[in-house]
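Below: the structure, in structure tokens.
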Amino acid sequence: MQTRIKEFRARRNMTQADLADIVGVRRETIVFLESGRYNPSLKLAHQVAKALGTTIDTLFTYGDEGDYTVMED
Amino acid sequence: MEQHTQNPGKSRTWITVMFICGILMLGVGLIQMVRLPVPSSGHHSAVFISAGTVMVILAGLRLWKGEKDYMQDERTKKIGAYGLSYSWFLTFLVLFVVFWANYLNLWSPDARTLSVLLILMMGLSAKIFQVYLFRKGDVE
């Protein structure tokens, strides 16, 4: 998993501790999120995206993105 | 939408209660040891003193270090739960081995030995798994 949290955080002049406080998690969790070593819950991903003024799909990308097939009725 | 952490104030209250209980237990143990005659105070005072000391140290460290270091969020809760479940499974395997060792007359521990083994193994292995997962960052 790759994230753009660091990039969006820098744009807003926000430290990891600031983001952690806003979202309500430990700073280490933000560190692991930024390095792609922690897969957040949908709820946490939504909160981080909201705090950074963006959307989940902009913030988080997976390596196999594009492999999904949309099933239509 | 609610945040991911526990209410810090509530948590601090519980830690303070634990700290006070520890001091009370330590005090009761010391009073028992000093005031009561040796044969009647022996076991009880030792239990009160050791339990009280452990509670005072644990709660005191938490109060002294502050809430930030002990704040829980979804990652720490997940890691805590996985650590406990891995520990449970390891204990289950050890019990399986002990059962067969006993059945085949290879090792026949008495109840006290087995209890100490299980208490130490469950506590230590849970902590070891949790520390490992904390360093790794996630359970996957």
Side-chain angles (χ1 to χ4, degrees), chain A residues 1-70, chain B residues 1-19 57-89 123-140:
Chain A
M1 183 187 72
Q2 290 177 324
T3 72
R4 294 172 66 193
I5 296 176
K6 199 171 180 179
E7 179 192 328
F8 276 84
R9 196 168 50 72
R11 280 189 204 170
R12 292 183 164 243
N13 285 327
M14 212 183 259
T15 62
Q16 289 175 334
D18 294 337
L19 182 58
D21 278 343
I22 293 169
V23 179
V25 295
R26 288 166 70 118
R27 195 185 65 83
E28 293 93 327
T29 301
I30 301 295
V31 173
F32 284 118
L33 268 177
E34 282 188 0
S35 60
R37 286 157 70 190
Y38 175 60
N39 281 321
S41 66
L42 186 58
K43 189 174 157 186
L44 179 58
H46 172 78
Q47 285 191 321
V48 172
K50 195 177 162 189
L52 295 172
T54 183
T55 55
I56 294 176
D57 56 336
T58 311
L59 216 51
F60 299 95
T61 48
Y62 283 84
D64 57 352
E65 204 158 84
D67 291 348
Y68 299 110
T69 309
V70 178
Chain B
M1 196 179 280
E2 68 179 276
Q3 288 202 321
H4 293 260
T5 50
Q6 285 182 330
N7 180 358
K10 195 177 169 188
S11 169
R12 196 172 178 83
T13 309
W14 276 110
I15 296 166
T16 311
V17 168
M18 190 175 148
F19 187 72
I57 290 172
L58 288 179
L61 273 175
R62 282 197 168 199
L63 288 173
W64 177 59
K65 281 185 125 183
E67 287 301 310
K68 282 261 173 183
D69 285 346
Y70 293 98
M71 193 173 98
Q72 285 198 319
D73 58 24
E74 66 166 41
R75 191 179 66 89
T76 58
K77 283 179 188 170
K78 190 174 163 188
I79 286 173
Y82 268 80
L84 285 178
S85 74
Y86 288 155
S87 166
W88 180 90
F89 188 65
L124 285 176
S125 64
K127 205 67 205 167
I128 289 167
F129 279 126
Q130 285 170 352
V131 168
Y132 167 72
L133 293 172
F134 266 116
R135 282 169 158 265
K136 199 176 158 214
D138 202 351
V139 295
E140 289 150 17

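Each chain gets a letter, A, B and so on, in the order its sequence line appears, and its residues count up from 1.
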Rounded to the nearest 0.5 Å, how far apart are [atom1] of [X] and [atom2] of [Y]?
{"X": "A/Ile30", "Y": "B/Asp73", "atom1": "CD1", "atom2": "CG", "result": "8.5 Å"}
{"X": "A/Leu33", "Y": "B/Arg75", "atom1": "CG", "atom2": "CZ", "result": "8.5 Å"}
{"X": "B/Glu140", "Y": "A/Tyr38", "atom1": "CD", "atom2": "OH", "result": "9.0 Å"}

Contact summary for [X] and [Y], nearest pair of heavy atoms:
{"X": "A/Leu44", "Y": "B/Glu74", "value": "CD2-OE2, 3.3 Å"}
{"X": "A/Asn39", "Y": "B/Asp138", "value": "N-OD2, 3.0 Å"}
{"X": "B/Arg135", "Y": "A/Arg37", "value": "O-NH2, 3.1 Å"}
{"X": "A/Phe32", "Y": "B/Phe134", "value": "CZ-O, 3.5 Å"}

Crowding at OH, B/Tyr82 (>12 non-hydrogen neighbours, <6.0 Å): no
Heavy atoms from other residues, nucleotides or ligands near CD of A/Glu7 exceed 12 (cutoff 6.0 Å): yes
Part of B/Lys136 lying under 4.5 Å from any heavy atom of chain A: backbone
